[in-house]
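Down below is the structure, laid out as structure tokens.
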Amino acid sequence: MVVKRGIRPLGARAVALATLLFAARAEAFCVGRTCNPDLEHCELDDDECVVSGAPLHWGSSCVTFDVQVGGSDKSGLDAELVESVVERAFAPWLAADCGNGHPSIKVGTFGPVTCDESRFNENGRNANIVMFRDEAWPYPDGADAYGTTMVRYDTRTGELRDADIELNSADFRIGIDTDGAVDLESILTHEIGHFLGLGHPGPGHPDATMSAGWDGRGKSLRTLTDDDVRGICELYPPERKAPASCEPVNGFSGECFVPKDQKSSASCAASVRREGSGAGGPALALLVAFASVRRRARRETRH
């Protein structure tokens, strides 16, 4: 089952209402939860965050990502360069100041992978893939999205089983410190928030890195706001005790499908880059897509 959560343009009325709500709720962040408001009745708080169901989270103190080997020919970005940008985009989340330490999650990579599909192999090896869509963006209802993060999780516990980030290089010029291009690191910093389990905050918090709307200008999403920090610290408090395995469910494979009792031909030596929870548990139950970092409607004024 696929559910898409998109970023919608914010009108003046929505902003004004959410600004009033902000005064009543000090926290802007929302965590992703197992209750899906598109499919069932979920309890919402005053800031439109779902508060029923288990929070989405990685059960281990370590998670891996892997960049698709092709990178983006259209954007002139090879896999090695993209990997370094993904690491930089993870950094503010992992270094967040929780008061008594940093979030209890660290990140590693097995290196580039050949698989270019967002999928989870319940009976096979897996990888959490960062990939570009140069030829066509496969999500017609998310045509204005800069990127989408697919997460698979256990609907009972909220434990994340797999996460893949897809980048819309078909419709947007994406670059790194390139004039006129949408900043890759900003897109990835937002998408990694979803990768780690965070959702979009209420519509009255447009400055948050996890805000659903962004105009694609500048590099503002690279830096977390205080509420982004509170969100990641709530999901992964420093004192959390969790297994330390970095292996994906059923083990790693850089190919799209390898049975769990068969070794992958790709490298299997994870390189843990930074500080910070083993992913066991019941089988996959649901697939969710955070269609995110969409363009915020721009208000044009003529003089």
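The chain is numbered in sequence order, starting from 1.
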Within-4.5 Å side-chain heavy-atom neighbours: [X] and [Y]:
X      : Y      : result
Val151 : Asp162 : no
Phe65  : Glu87  : yes
Leu184 : Leu167 : yes
Val85  : Leu188 : yes
Ser104 : Tyr236 : yes
Phe120 : Asp164 : no
Arg125 : Asn121 : no
Cys35  : Glu40  : yes

To the nearest 0.5 Å, how far apart are [atom1] in [X] and [atom2] in [Y]?
X      : Y      : atom1 : atom2 : answer
Ser253 : Gln262 : OG    : CD    : 8.5 Å
Ser211 : Trp214 : OG    : CH2   : 11.5 Å
Asp154 : Leu160 : CG    : CG    : 10.0 Å
Met210 : Ile192 : CE    : CD1   : 10.0 Å
Ser169 : Trp137 : OG    : CH2   : 8.5 Å
Thr64  : Glu247 : OG1   : CD    : 8.0 Å

**Asked** Please walk me through it: do His200 and Phe29 pass side chain to side chain contact (heavy atoms under 4.5 Å, CB included)?
**Response** CA-CA 7 Å; His200 295 136; Phe29 71 86; over 6 Å; no

N/O donor-acceptor pairs under 3.5 Å from side chains in residues 89-100, not counting sequence neighbours:
{"from": "Trp93", "atom 1": "NE1", "to": "Thr189", "atom 2": "O", "distance (Å)": "2.9"}
{"from": "Asp97", "atom 1": "OD1", "to": "Gly99", "atom 2": "N", "distance (Å)": "2.9"}
{"from": "Asn100", "atom 1": "ND2", "to": "Glu239", "atom 2": "OE1", "distance (Å)": "3.2"}

What residues form a side chain to side chain contact (heavy atoms under 4.5 Å, CB included) with [X], not counting sequence neighbours?
X      : value
Thr178 : Arg173, Ala181
Leu44  : Val50
Gln68  : Asp116, Ile129, Met131
Ala54  : Thr34

If the condition is salt bridge (charged side-chain N to carboxylate O under 4.0 Å, His left out), which residues does [X] pass it with, not counting sequence neighbours?
X      : result
Asp134 : none
Asp179 : none
Glu117 : Arg119

Does the [X] side chain pair with the main chain of [Y], one donor and one acceptor, at a distance under 3.5 Å?
X      : Y      : result
Trp58  : Phe195 : yes
Thr223 : Ser220 : no
Arg161 : Pro248 : no
Asn250 : Gly124 : yes
Asp47  : Cys49  : no
Glu234 : Arg230 : no
Asp171 : Asn168 : no
Asp215 : Arg217 : yes
Ser52  : Glu43  : yes
Arg33  : Gly53  : yes

**Message:** Considering only residues two or more places apart or on different chains, which pairs with a residue in residues 110-206 satisfy disulfide bond (SG atoms under 2.5 Å apart)?
**Reply:**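 Passing the test, one end in residues 110-206: Cys115-Cys256.
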
**Prompt:** If you look only at pairs with a residue in residues 160-227, which of them pass as a disulfide bond (SG atoms under 2.5 Å apart), with sequence neighbours excluded?
**Reply:**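 Passing the test, one end in residues 160-227: no pairs.
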
Measure across [X] and [Y] and return the closest heavy-atom pair with its distance rounded to 0.1 Å.
X      : Y      : value
Phe252 : Ala127 : CE1-CB, 3.8 Å
Pro37  : Cys42  : N-SG, 3.4 Å
Pro55  : Val31  : CB-CG2, 4.2 Å
His190 : Thr209 : ND1-O, 2.7 Å
Pro201 : Cys30  : CA-SG, 3.7 Å
Ala244 : Cys62  : O-CB, 3.7 Å

**same_hphob_cluster(Ile176, Val182) at 4.5 Å side-chain heavy-atom cutoff** =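 Same hydrophobic cluster.
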
**Asked** Hey, quick one: are Val69 and Ile174 part of the same hydrophobic cluster, counting side-chain heavy atoms closer than 4.5 Å, chains of contacts allowed?
**Response**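 Unlinked, Val69 and Ile174 end up in two clusters.
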
**Item:** Listed once per pair and sorted, the salt bridge (Lys or Arg N to Asp or Glu O under 4.0 Å) pairs that draw on residues 56-81, sequence neighbours left out
**Value:**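 Listed by first then second residue: nothing to list.
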
Looking just at side-chain N and O atoms, do [X] and [Y] make a donor-acceptor pair shorter than 3.5 Å?
X      : Y      : answer
Ser118 : Arg152 : yes
Glu255 : Thr114 : no
Tyr139 : Glu166 : yes

**Request:** Please name all residues satisfying side-chain hydrogen bond (donor to acceptor under 3.5 Å, both in side chains) with Asp183, sequence neighbours left out, ordered by chain then number.
**Result:**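 Expected list: Ser186, Arg222.
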
**Request:** Just do the side chain to side chain contact (heavy atoms under 4.5 Å, CB included) check on Val67 and Val113 with the steps written out, would you?
**Result:** CA-CA 6 Å; Val67 176; Val113 297; over 6 Å; no

